[in-house]
Novice: 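There's a structure below that I have some questions on.
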Amino acid sequence: MTAKLIDGKALAAKIRADMKVKVAQLEAEHGYRPGLAVVLVGENPASQVYVRNKIKACEEAGIRSIEKRLPESTSEEDLLNLVRSLNEDPSVDGILVLPKHISDLKVIDTISPDKDVDGFHVNSAGRLLVGRPGFRPCTPAGIAEMLDSIGFDCSGKRAVVVGRSNIVGKPMALMLLERNATVTIAHSRTKDLPAVCREADLLVVAVGRAKLVTADYVKEGAVVIDVGMDRDENGKLCGDVNTESVLEKASYVPPVPGGVGPMTIAMLLTNTVSAALGKFGKSLN
Ligand code: NAP
């Protein structure tokens with residue numbers, strides 16, 4: 001079997017175009033445009049690129065972006081006060097704080113659950129756990145959209161999620177459970193990881209280890225979703241999956257770059273538009 005590529009870039013462009021239509025409708029009906037506040041602390045280059053891409057995607061969809069840049073030396077109290085003022089600002093529908101190591105628990109806890117478009121607040125996590133509507137973390141939500149796009153029905157399938165972070169692995173596992181998959185979560189202490197992964201009809205890999213997963217981890221015909229954004233030995237961007245190696249065994253894989261990454265941004269816009277619609281008693285569907 002030769003795997004088909006899941007074109008995350010094209011799918012994300014379609015979702016962003018759909019959001020643009022929703023934003024235009026909201027503006028026509030209520031004279032209101034959704035706003036996303038991005039708080040960037042310090043000069044971290046990776047965060048700068050990430051923020052630039054998000055702001056560009058927002059603007060193209062008609063979402064206002066409200067950029068707040070703070071120096072590295074900003075005190076925790078000043079940062080929390082800024083978040084509190086954004087919570088109170090009725091023109092802000094979503095709040096992001098970058099880089100992620102700055103968004104420690106205190107920052108995440110301070111963001112209003114109504115504006116938690118990253119889906120990291122304990123309120124959003126609890127809602128996912130008990131199956132109530134709420135903001136879903138963008139990366140696993142983007143992967144769910146990718147699975148829909150290839151017509152992959154999770155029901156009754158064996159899914160293995162490698163990685164148990166709060167932003168990818170755990171919410172991914174819960175979302176697959178919600179879709180009636182039989183889910184295993186693997187991590188750094190898992191024994192015989194290749195054998196565990198070979199049981200998967202759907203293998204989602206979010207570990208942050210360049211090209212860890214090779215053909216030996218993959219069951220014939222499995223869908224393999226590579227979340228990793230790593231650098232190979234030559235400094236080139238790559239994923240957690242050795243794509244070349246798994247191509248002959250998997251049925252579908254997304255490329256890296258151009259797979260899960262663009263979907264994460266598209267879902268951030270989706271969550272922001274959803275937050276804005278909620279203000280007017282409306283929802284995306
Ligand atoms: P993380 O918080 O560092 O978590 C990594 C997880 O992988 C942990 O649960 C860890 O296990 C597990 N792990 C590490 N080494 C392992 C190994 N050798 N075998 C099995 N499990 C192992 O990472 P993250 O934030 O979830 O991100 C994971 C990757 O996805 C990174 O490359 C990141 O850049 C990428 N990412 C991409 C996007 C996107 O939009 N494309 C979004 C988010 C993240 P323990 O819990 O036991 O330590």
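The structure presented is a predicted model; accordingly, all values stated were derived computationally and were not measured. Remember, it's 1-based here, ligands and their atoms both numbered in the order they're listed.
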Novice: Regarding atom 18 (N) of ligand 1: of the candidates V207, V260, L212, V168, which has the closest heavy atom?
Specialist: L212

Novice: Can a non-hydrogen atom of A186 be found less than 4.0 Å from any atom of ligand 1?
Specialist: no

Novice: Got the closest protein heavy atom to atom 39 (C) of ligand 1, with its distance?
Specialist: T264 OG1, 3.7 Å

Novice: Would you verify that at least one protein heavy atom lies under 4.0 Å from atom 21 (N) of ligand 1, or report that none does?
Specialist: yes

Novice: Show the numbers, then the answer: is there a side chain to side chain donor-acceptor pair (under 3.5 Å) between Y32 and D93?
Specialist: CA-CA 11 Å; Y32 181 78; D93 297 290; 2.7 Å; yes

Novice: How far is atom 19 (N) of ligand 1 from its nearest protein heavy atom, and which residue and atom name does that atom have?
Specialist: L193 CD2, 3.7 Å

Novice: Considering only protein heavy atoms, which is closest to atom 33 (C) of ligand 1, and at what distance to one decimal place?
Specialist: M229 N, 4.1 Å

Novice: Is the contact between R209 and ligand 1 made by the side chain, the backbone, both, or neither, using heavy atoms and a 4.0 Å cut-off?
Specialist: side chain

Novice: Heavy-atom distances under 4.0 Å decide this one: backbone, side chain, both or neither, for T190 against ligand 1?
Specialist: neither

Novice: Picking from D116, N271, D118, what satisfies side chain to side chain donor-acceptor pair (under 3.5 Å) with S124?
Specialist: D116

Novice: Within less than 4.0 angstrom of ligand 1, does G169 place any heavy atom?
Specialist: no

Novice: Salt bridge check: are R198 and D216 linked by an N-O gap of less than 4.0 Å?
Specialist: yes

Novice: Give me the nearest non-hydrogen protein atom to atom 9 (O) of ligand 1 as residue plus atom name, then the distance to 0.1 Å.
Specialist: R164 N, 2.9 Å

Novice: So R179 and D148, salt bridge (charged side-chain N to carboxylate O under 4.0 Å, His left out) or not? Walk me through it.
Specialist: CA-CA 11 Å; R179 290 167 168 239; D148 288 344; 3.0 Å; yes

Novice: Taking only residues two or more places apart in sequence, or in another chain, which ones meet D153 in a side chain to side chain donor-acceptor pair (under 3.5 Å)?
Specialist: none

Novice: Suppose I only count heavy atoms of G163 and a 4.0 Å limit; which atoms of ligand 1 are within that range?
Specialist: 6 (C), 7 (O), 9 (O)

Novice: Determine, for K282 against E29, whether the closest basic-nitrogen to carboxylate-oxygen distance falls under 4.0 angstrom.
Specialist: yes

Novice: For atom 45 (P) of ligand 1, find the nearest protein heavy atom and state the residue, atom name and distance (0.1 Å precision).
Specialist: S188 OG, 3.4 Å

Novice: Can K115 and H121 be counted as having a side-chain donor-acceptor contact under 3.5 angstrom?
Specialist: no

Novice: Does V227 approach ligand 1 within less than 4.0 angstrom via side chain, backbone, both or neither, non-hydrogen atoms only?
Specialist: both

Novice: For the residue pair N87 / R84, report whether a side-chain donor-acceptor contact shorter than 3.5 Å exists.
Specialist: no

Novice: Is the shortest N/O to N/O distance between V162 and ligand 1 below 3.5 Å?
Specialist: no

Novice: What are the atoms of ligand 1, with element, lying closer than 4.0 Å to any heavy atom of G261?
Specialist: 40 (O), 41 (N)

Novice: Quickly, which of T74, L79, I66, L96 forms a side-chain contact (heavy atoms from CB on, under 4.5 Å) with V39? Name it, please.
Specialist: L79

Novice: Could you find the nearest protein heavy atom to atom 42 (C) of ligand 1 and give me its residue, atom name and distance?
Specialist: T139 OG1, 3.2 Å

Novice: Does a donor on one side chain and an acceptor on the other come within less than 3.5 Å for N285 and S283?
Specialist: no

Novice: Might you work through the side-chain contact (heavy atoms from CB on, under 4.5 Å) test for T270 and K22, ending with a clear yes or no?
Specialist: CA-CA 10 Å; T270 304; K22 302 265 183 211; over 6 Å; no

Novice: Tell me: protein heavy atom nearest atom 24 (P) of ligand 1, and distance?
Specialist: S165 OG, 3.7 Å

Novice: Which residue owns the protein heavy atom closest to atom 25 (O) of ligand 1, what's the atom, and how far is it?
Specialist: I167 CD1, 3.6 Å

Novice: Looking only at heavy atoms, what is the nearest atom pair of L36 and C58, with distance?
Specialist: CD2-SG, 3.6 Å

Novice: Any atoms of ligand 1 less than 4.0 Å from a non-hydrogen atom of G208? List them with their elements.
Specialist: 28 (C), 29 (C), 31 (C), 32 (O)

